> 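One structure follows; several queries about it will come next.
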Amino acid sequence: MAETNTAPETFDELAALLRTRMPQLTRSQQLLAERVLSDPEGVAFMTVTELAKSVGINESTVVRFAAGLGLDGYPGLARLCRERLREQAQLLRRFANVESLAAQARDPLELAVAFDQANIARSMARVDRPAWDQAVEALATAPRVHVLGLRKCYSVVHLFGYLLGLVREDVRVLGGAHATLTDELRRVQQGDCFVAASIHRYSADTVRAFEWAAKRGATAIALTDNPASPLAQSATHAFYLDTTGVSVLRSMTAFVVFVQAMATAVAAARGTEARSSLLVEEELLDTFGVYHGGSR
């Protein structure tokens, strides 16, 4: 990795630089970059020896890696991670008791509530507001919106697609039929909006489709779990949502809250057009007697 003359001054700048360089990094450097992106809080208080050991590389690789980013060696890298931690200090203090609550709880319902309260608050606090505004604008005005999420993420994107479809036309949820994803991707055009959701371990089809849509010229919006996600590398806008759950089961609650909020923002951005779409929906529901008793 060649040295850079302009050192990142914030963790966000560091994260952007790492995502840009990721394809050119060696395997050892990629492991380091992924660790920094996914766990800046942990790296903030590690010594160079501890970080090298945790990743399975030697200390000199860590030092060269930091220098190649234009930083003042490993201390400069750790400093940016500590600054990230300070930025979120108020939020972290608010939920400092989550782990202790979880350790004391015996009821799985109590555990789930404790984790999801923290997931939602942490996720929403990390939302980049300029990126949010730009993503909402794209979703409101793009000719077409394509939404993709497979396996555990399918339920989230299905909900998102349904909600968006109530307030605008030309919204498609992809990947619902077996082996037809490539056929569906042919409809993606420059200027469209393409939303993909995926968490570790990332669906290969989702990653490939997202990369293809971004190269096609679509506004690419990623809903994922951390900046080391392969979706982040191709994203026009990326949003990182916590998935900590009870035992080995990961929670999608923050994703659900996020897509509901974003669909609401899109409806507000479309104004009278969204209201017209909802009125047509109401007429259809009444005509077909969709709900029991004839009312919603």
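If you're wondering where the values come from, they're calculated on a predicted model, not measured in any experiment.
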> Apply side chain to side chain contact (heavy atoms under 4.5 Å, CB included) to the pair Arg122 and Leu241, showing each step before the final yes or no.
CA-CA 8 Å; Arg122 288 173 179 151; Leu241 308 170; over 6 Å; no
> What verdict does the side chain to side chain contact (heavy atoms under 4.5 Å, CB included) test give for Leu139 and Arg168, after you've listed the backbone C-alpha separation in whole Å, the side-chain angles of each residue and the deciding distance to 0.1 Å?
CA-CA 9 Å; Leu139 288 165; Arg168 60 154 296 153; 5.7 Å; no
> Just so I know, are the side chains of Val157 and Val195 near enough to count as touching, which here means a heavy-atom distance under 4.5 Å?
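Not touching, per the 4.5 Å side-chain cut-off.
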> Working to the nearest 0.5 angstrom, can you tell me the gap between Leu77 CG and Phe11 CZ?
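Here the rounded value is 8.5 Å.
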> At their closest point, which heavy atom of Ala263 faces which heavy atom of Leu163, and how far apart are they?
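Looking at all heavy atoms of both residues, the closest pair is CB-CB, 3.7 Å.
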> Compare every heavy atom of Leu18 with every heavy atom of Ala33, then report the nearest pair and how far apart it is.
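Where Ala33 meets Leu18 most closely, the heavy atoms are CB-CD2, 4.1 Å.
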> Quick one: CZ on Phe255 to OG on Ser123, what's the gap to the nearest 0.5 Å?
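The distance works out to 7.5 Å.
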> Following the transitive rule for hydrophobic clusters with a side-chain heavy-atom cut-off under 4.5 Å over Ile, Leu, Val, Met, Phe, Trp and Tyr, establish whether Leu148 and Tyr240 coincide in one cluster.
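As far as the 4.5 Å side-chain criterion goes, Tyr240 and Leu148 are not connected within one cluster.
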> Report the residues that fulfil salt bridge (Lys or Arg N to Asp or Glu O under 4.0 Å) with Asp205, sequence neighbours left out, ordered by chain and then residue number.
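So Asp205 forms a salt bridge (Lys or Arg N to Asp or Glu O under 4.0 Å) with Arg208.
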> Pro130: what forms a side chain to side chain contact (heavy atoms under 4.5 Å, CB included) with it, not counting sequence neighbours?
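Counting only residues at least two positions away or on another chain, Pro130 forms a side chain to side chain contact (heavy atoms under 4.5 Å, CB included) with Asp128, Gln134.
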> Under 4.5 Å between any side-chain heavy atoms of Lys53 and Glu50, yes or no?
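When only atoms from C-beta onward are counted, Glu50 and Lys53 do not touch, as no gap falls below 4.5 Å.
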> Show your working on side chain to side chain contact (heavy atoms under 4.5 Å, CB included) between Leu80 and Leu71 and close with a plain yes or no.
CA-CA 10 Å; Leu80 292 183; Leu71 298 170; 3.9 Å; yes
> Pick one: which of Phe160, Tyr162, Tyr154 meets side chain to side chain contact (heavy atoms under 4.5 Å, CB included) with Val173?
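Option passing the side chain to side chain contact (heavy atoms under 4.5 Å, CB included) with Val173: Tyr154.
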> For Met252 and Leu159, run side chain to side chain contact (heavy atoms under 4.5 Å, CB included): C-alpha distance rounded to whole Å, both residues' side-chain angles, the deciding distance at 0.1 Å, then the answer.
CA-CA 12 Å; Met252 301 303 292; Leu159 172 63; over 6 Å; no
> In chain order, what residues pass the salt bridge (Lys or Arg N to Asp or Glu O under 4.0 Å) check against Arg186, with sequence neighbours excluded?
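Residues passing salt bridge (Lys or Arg N to Asp or Glu O under 4.0 Å) with Arg186: Asp183.
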> Are Ser251 and Phe115 packed together at the side-chain level, in the sense that at least one heavy-atom pair is separated by less than 4.5 angstrom?
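Heavy-atom side-chain distance check fails, nothing below 4.5 Å.
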> Which atom names give the shortest non-hydrogen contact between Arg270 and Val167, and what distance separates them?
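It is NE-O, 2.9 Å.
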> Kindly indicate whether the side chain of Phe194, heavy atoms from C-beta on, has any atom under 4.5 Å from the side chain of Leu174.
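Yes - at least one pair of side-chain heavy atoms lies under 4.5 Å apart.
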> So, using side chain to side chain donor-acceptor pair (under 3.5 Å) as the criterion, who are the partners of Thr49 when residues are at least two apart?
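Applying side chain to side chain donor-acceptor pair (under 3.5 Å) to Thr49 gives Glu59.
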> Could you tell me which residues satisfy side chain to side chain donor-acceptor pair (under 3.5 Å) with Tyr202, sequence neighbours excluded, listed by chain and number?
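Here the qualifying residues are Asp225, Asn226.
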> Look up atom CD in Glu83 and atom OG1 in Thr10, then write down how far apart they are to the nearest 0.5 Å.
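Here the rounded value is 8.0 Å.
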> So, do Met22 and Leu37 sit near enough that their side-chain heavy atoms are less than 4.5 Å apart?
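Yes; the side chains approach each other to less than 4.5 Å.
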> Restricting to side chain to side chain donor-acceptor pair (under 3.5 Å), what partner residues turn up for Asn119, sequence neighbours left out?
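If we apply the side chain to side chain donor-acceptor pair (under 3.5 Å) test to Asn119, skipping adjacent residues, the hits are Asp116.
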> Flag yes if more than 12 heavy atoms outside Glu13 fall under 6.0 Å of its CD atom; otherwise flag no.
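More than 12 within 6.0 Å, yes.
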> Does the side chain of Gln24 come within less than 4.5 Å of Gln29's, by heavy atoms?
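A side-chain contact under 4.5 Å is absent here.
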> What heavy-atom pair brings Ala197 and Leu231 nearest, and what distance separates the two atoms?
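Scanning both residues, the minimum pair turns out to be C-CD1, 4.3 Å.
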> Residues two or more places apart in sequence or in another chain: which of them pass side chain to side chain donor-acceptor pair (under 3.5 Å) with Arg144?
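Testing Arg144 for side chain to side chain donor-acceptor pair (under 3.5 Å), a comparison that skips the adjacent residues, returns Asp192.
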> Scan for salt bridge (charged side-chain N to carboxylate O under 4.0 Å, His left out) pairs involving residues 237-246, sequence neighbours excluded, and state none if there are none.
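Residue pairs passing salt bridge (charged side-chain N to carboxylate O under 4.0 Å, His left out), neighbours aside: Arg126-Asp242.
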> Cut-off 3.5 Å, no hydrogens considered: what does the side-chain donor-acceptor table look like for residues 210-224, sequence neighbours left out?
residue, atom, partner, partner atom, Å
Arg216, NE, Val188, O, 2.9
Thr224, OG1, Ser198, O, 2.8
Thr224, OG1, Ser229, OG, 2.8

> Show the nearest heavy-atom pair for residues Ala232 and Arg19, with the distance to one decimal.
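Distance-wise, the nearest heavy atoms are CB-CD, 3.5 Å.
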> Any salt bridge (charged side-chain N to carboxylate O under 4.0 Å, His left out) involving residues 148-158? Give me the pairs, sequence neighbours left out, ordered by first then second residue.
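Salt bridge (charged side-chain N to carboxylate O under 4.0 Å, His left out) check on residues 148-158 returns no pairs.
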> Output all residues satisfying salt bridge (Lys or Arg N to Asp or Glu O under 4.0 Å) with Arg35, sequence neighbours left out; order by chain, then residue number.
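With sequence neighbours excluded, Arg35 shows a salt bridge (Lys or Arg N to Asp or Glu O under 4.0 Å) to Asp39, given in chain and number order.
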> Do the side chains of Thr47 and Tyr74 get nearer than 4.5 Å, heavy atoms only?
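SC-SC contact between Tyr74 and Thr47 ruled out.
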> Considering all heavy atoms of both residues, which atom of Gly70 and which atom of Ala7 are nearest to each other, and what is their separation?
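For Gly70 versus Ala7, the nearest heavy atoms are O-CB, 3.0 Å.
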> Report yes if some heavy atom in the side chain of Ser54 is under 4.5 Å from a heavy atom in the side chain of Met46; otherwise report no.
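With C-beta onward as the side chain, the pair touches.
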> Sorted by first residue and then second, give each ring-ring contact (aromatic ring centres under 6.0 Å, His included) pair with at least one member in residues 122-153; sequence neighbours left out.
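Qualifying pairs, neighbours excluded: Trp132-Phe258.
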